[in-house]
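Notes to accompany the following structure.
The structure presented is a predicted model; accordingly, all values stated were derived computationally and were not measured. Quick note: numbers below take in every heavy atom, side chains included, and nothing from hydrogens, waters or symmetry partners. Numbers here are sequence positions counted from 1.
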Amino acid sequence: AESLAQMIAQRSNGSPSFAVQLLTNLLTRNALHRGPQGYQLGALEMRLPQDERELWTERTRAYREIHPMGWPSLEVAALLGPDVTKDQWEQACTKLGFVANQEVLDDWVRWGLAVQTPEGDVRLTRVSLQHAILEEAKGMDRWREANACLAQTLPDSESERRAQYHIAALAYASAAADWINAARRR
């Protein structure tokens, strides 16, 4: 039988960050069991994600199932981008009626989804995580509303970014106005 180390080395294909994420994923799921020859996957956990995208998709779905109140605010963080100020995140979540507090942030850190900077701001751990969250979020009923809300929170100086949110919210006239505003600024 193949050892856990061999399985992870083979699956990660030499990528140390993917190997770390695989182990973190297994630990988060309580899928590792100490055996006579070291740690092993439990009988029900013999399947490892094929790639980083699949790993993050599995992890975000598990988080959503276990922490349904924290999931919408994670969507907002992903929509805001990889580096989010805590104030931006809290403002957007409050406007949308989502939970935004330190307990939620602490959960994200425990799950390996985010890190919190010394200033208290939030950074998602990987761009591939952000993409996995956004793919999940696109199927949610609140996708258009969240994008429209985020567009409203941005000032005119960020009209190009605001246009992207308007497009996702299917508010094409507003997006066009933002693009025109951005072009005038140049």
So how far is it from [X] [atom1] to [Y] [atom2], rounded to the nearest 0.5 Å?
X: Leu113; Y: Gln130; atom1: CG; atom2: CD; value: 12.5 Å
X: Asn13; Y: Ile8; atom1: CG; atom2: CD1; value: 14.0 Å
X: Lys95; Y: Cys149; atom1: NZ; atom2: SG; value: 5.0 Å
X: Ser12; Y: Asp51; atom1: OG; atom2: CG; value: 12.5 Å
X: His131; Y: Glu135; atom1: NE2; atom2: CD; value: 9.0 Å

Tell me, please, which residues at least two apart from [X] pass side chain to side chain donor-acceptor pair (under 3.5 Å).
X: Arg142; answer: Glu75
X: Thr117; answer: Glu119
X: Gln91; answer: none
X: Gln102; answer: Lys86, Asp106, Gln116

Distance-minimising heavy-atom pair for [X] and [Y]:
X: Val84; Y: Asp121; value: O-CB, 3.3 Å
X: Cys93; Y: Ala100; value: CB-CB, 3.5 Å
X: Ala146; Y: Leu79; value: CB-CD1, 3.9 Å
X: Thr125; Y: Ala114; value: CG2-N, 3.5 Å
X: Gly112; Y: Trp56; value: O-CH2, 3.7 Å
X: Ala92; Y: Leu150; value: CB-CD2, 3.4 Å

Assigning hydrophobic clusters by single linkage (Ile, Leu, Val, Met, Phe, Trp, Tyr; side-chain heavy-atom cutoff under 4.5 Å), is [X] placed with [Y]?
X: Ile66; Y: Met69; value: yes
X: Ile167; Y: Leu154; value: no
X: Val127; Y: Val76; value: no
X: Leu55; Y: Val20; value: no
X: Met140; Y: Leu129; value: yes

Is any side-chain heavy atom of [X] closer than 4.5 Å to a side-chain heavy atom of [Y]?
X: Glu103; Y: His67; value: no
X: Arg144; Y: Leu170; value: yes
X: Gln88; Y: Thr153; value: no
X: Leu74; Y: Leu124; value: yes
X: Asn101; Y: Val104; value: yes

[X] side chain vs [Y] backbone, donor-acceptor pair below 3.5 Å:
X: Asn181; Y: Ala177; result: no
X: Arg59; Y: Trp111; result: yes
X: Ser73; Y: Gly70; result: yes

Would Thr60 and Glu136 count as a side chain to side chain donor-acceptor pair (under 3.5 Å) if you check the C-alpha gap in whole Å, the side-chain angles of each, and the deciding distance to 0.1 Å? CA-CA 8 Å; Thr60 56; Glu136 287 286 311; 5.1 Å; no
Check whether more than 12 heavy atoms from other residues, nucleotides or ligands sit under 6.0 Å from atom CZ of Arg185, and answer yes or no. yes
Scan for ring pair (Phe, Tyr, Trp, His ring centres under 6.0 Å) pairs involving residues 73-102, sequence neighbours excluded, and state none if there are none. Trp89-Trp108
Name all pairs fulfilling the side chain to side chain donor-acceptor pair (under 3.5 Å) condition that reach into residues 162-176, sequence neighbours left out, sorted by first residue then second. Asp156-Arg162, Arg161-Tyr165, Arg162-Asp178, His166-Asp178
